[in-house]
There are 2 protein chains.
Amino acid sequence: MQGEELLRVTGDDGERTDAARNRRLILDAAAEIVATCGPERLTTDAVARRAGVGKGTVFRRFGNRAGLMHALADEAGRSFQHAFMAGPPPLGPGAPPLERLIAFGEASIERMRFDGQILRAAEQQGGPDLEHPTQQLTRLHLAMLLRGLHVPDPELGAYQLSAFLNAGLLLHLQEHRGMSNARLAGAWCALVSALASDADRSRTERGPL
Amino acid sequence: MQGEELLRVTGDDGERTDAARNRRLILDAAAEIVATCGPERLTTDAVARRAGVGKGTVFRRFGNRAGLMHALADEAGRSFQHAFMAGPPPLGPGAPPLERLIAFGEASIERMRFDGQILRAAEQQGGPDLEHPTQQLTRLHLAMLLRGLHVPDPELGAYQLSAFLNAGLLLHLQEHRGMSNARLAGAWCALVSALASDADRSRTERGPL
DNA sequence: GCTGCAAGCGGACTACAGTCCGTTTTATTC
DNA sequence: GAATAAAACGGACTGTAGTCCGCTTGCAGC
């Protein structure tokens with residue numbers, strides 16, 4: 001009766017120290033393998049072996065291969081996340097919503113050069129994980145900007161926009177269809193501008209509430 | 001020297017009769033399993049067993065599991081394909097491009113009720129197969145309609161639109177987010193209308209060439 | 001320190017996708 | 001209808017994701 005439920009005061013996140021240590025070991029091992037052989041060569045066995053832990057531990061920590069990839073992708077994307085949430089304009093706060101939206105798309109497209117492989121690998125397997133915190137954060141950000149443009153359904157609009165910024169799609173367009181980043185950015189710009197001006201127009205036509 | 005290269009005059013598509021027979025057997029067996037247990041339960045072993053063929057035959061015919069799923073999805077989607085290419089307006093030819101686009105989105109959303117499961121299963125695994133003939137046909141259709149609206153980059157616009165009509169995404173929004181088809185259709189309508197009116201406006205402003 | 005126990009661990013095990021290659025079938029040519 | 005080459009066949013085999021469960025470890029209270 002004494003040690004029942006509320007004795008989770010251990011580590012930072014209530015994570016036991018061995019668990020935390022192993023998480024880092026696994027993440028580092030995975031990053032090393034990805035850097036060496038590419039994400040497609042990352043097997044859970046290899047990660048476990050290299051990290052010096054059992055295979056079960058990998059799955060306990062990350063759920064599945066995609067979860068591990070997401071964790072890796074999140075580490076890579078942390079700086080991007082910071083840039084659009086708290087960095088300098090036009091990507092960060094301070095610029096008007098439309099400019100921020102355009103900058104966001106351009107940065108996402110540009111970013112594929114570095115993180116595309118990992119992001120794509122994370123997306124695969126069971127379809128893109130739309131409920132993943134990082135995805136949600138991205139959509140929340142987009143929805144906020146769309147709301148600033150008075151788009152009728154910002155939440156759904158965010159889904160529409162992020163569907164296009166999907167790594168699998170962008171990489172395909174860049175690599176297999178040979179589309180330049182400028183062209184992709186242009187299409188993005190056209191899309192968000194259209195949404196913005198249309199919303200603006202129907203707002204002023206019907207009166208601004 | 002006699003039978004060298006040009007002796008492919010056999011079946012319909014130059015497919016040997018046993019090959020054609022087995023293709024049908026496999027497809028029927030797969031459809032039956034999907035109908036009974038759902039697409040996620042479809043294993044290549046089970047299909048082969050039920051069809052009474054070897055496992056290798058399944059892979060020879062369809063490449064991989066996703067290929068089989070696509071073949072299944074294509075059979076299910078043939079009537080839809082016919083509807084937007086040769087059926088009555090507004091989905092088929094005869095209506096103005098914007099109306100056809102709207103109808104296309106609505107039909108795609110509606111369609112998920114029946115074919116969503118299979119479509120999603122086909123999309124999974126290695127990301128959506130953007131080069132699959134059916135996908136290409138869809139994009140070609142969308143691009144044509146966008147061209148009719150004088151959108152600047154119809155080809156890329158088609159990618160943008162079809163990214164949203166993705167089964168994985170629509171099903172997620174319907175099932176996990178509880179969004180009504182009306183809401184989804186509304187967002188689609190807003191999107192294509194915005195593209196259309198923006199293109200139209202910048203065309204008339206700068207003069208219609 | 002000692003004890004209790006929830007959390008964590010690890011690796012054998014299962015299930016499935018996809019490959020490989022010796023054997024069989026099909027269509028063609030003579 | 002026999003010979004022949006190409007195509008197809010099938011099932012054993014391989015590699016990998018993910019599970020399971022008995023064992024170990026770290027933490028909290030004493």
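Just so it is clear: chains get the letters A, B, ... in the order the sequence lines come, proteins before strands, and each one is counted from 1. The structure displayed is predicted, hence computed values, not measured ones. Side chains included, hydrogens not; waters and symmetry mates left out as well; all remaining heavy atoms used.
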Please check the phosphate of [N] (OP1 and OP2 only) for any side-chain N or O of [X] closer than 4.0 Å.
X       : N      : answer
B:Arg61 : D:dC9  : yes
A:Thr57 : C:dG8  : no
B:Arg16 : D:dA7  : no
B:Asn22 : D:dA8  : no
B:Thr44 : C:dC16 : no
B:Thr17 : C:dA27 : yes

For [X] and [N], what is the distance between atoms [atom1] and [atom2] respectively, to the nearest whole Å?
X        : N      : atom1 : atom2 : value
A:Arg50  : C:dG11 : CZ    : C1'   : 20 Å
A:Arg60  : D:dA17 : CZ    : C1'   : 17 Å
B:Asn64  : C:dC16 : CG    : C1'   : 13 Å
B:Arg65  : C:dC16 : CZ    : C1'   : 9 Å
A:Arg41  : D:dG15 : CZ    : P     : 12 Å
B:Phe62  : C:dT19 : CZ    : P     : 16 Å
B:Gln124 : C:dC16 : CD    : P     : 16 Å
A:Arg23  : C:dG8  : CZ    : P     : 10 Å

| request: State whether the distance check finds a donor on one side and an acceptor on the other, under 3.5 Å, for side chain B:Lys55 versus base D:dA12. | output: no
| If you round to the nearest 0.5 Å, how far is CG of A:Leu146 from CG of A:Leu195? | 6.5 Å
| message | Mind checking if B:Leu42 touches a base, just sugar-phosphate, or nothing, with heavy atoms under 4.0 Å? | response | sugar-phosphate
| Do A:Ser162 side-chain atoms and A:Leu165 backbone N/O form a donor-acceptor pair below 3.5 Å? | no
| With distance as the sole test, does B:Arg61 use its side chain to make a donor-acceptor pair with the main-chain N or O of B:Arg24 at under 3.5 Å? | no
| field | Residue whose nearest DNA chain D nucleotide is more 5′ - A:Asp45 or A:Arg21 | value | A:Asp45
| request: For the residue pair B:Glu123 and B:His70, confirm or rule out a side-chain donor-acceptor distance under 3.5 Å. | output: no
| query | When B:Met179 is tested against each of B:Ile109, B:Leu170, B:Leu184 for side-chain contact (heavy atoms from CB on, under 4.5 Å), which residue passes? | reply | B:Leu184
| query | Which of these nucleotides, C:dG8, C:dG10, C:dA17, is closest to any side-chain atom of A:Asp18? | reply | C:dG8
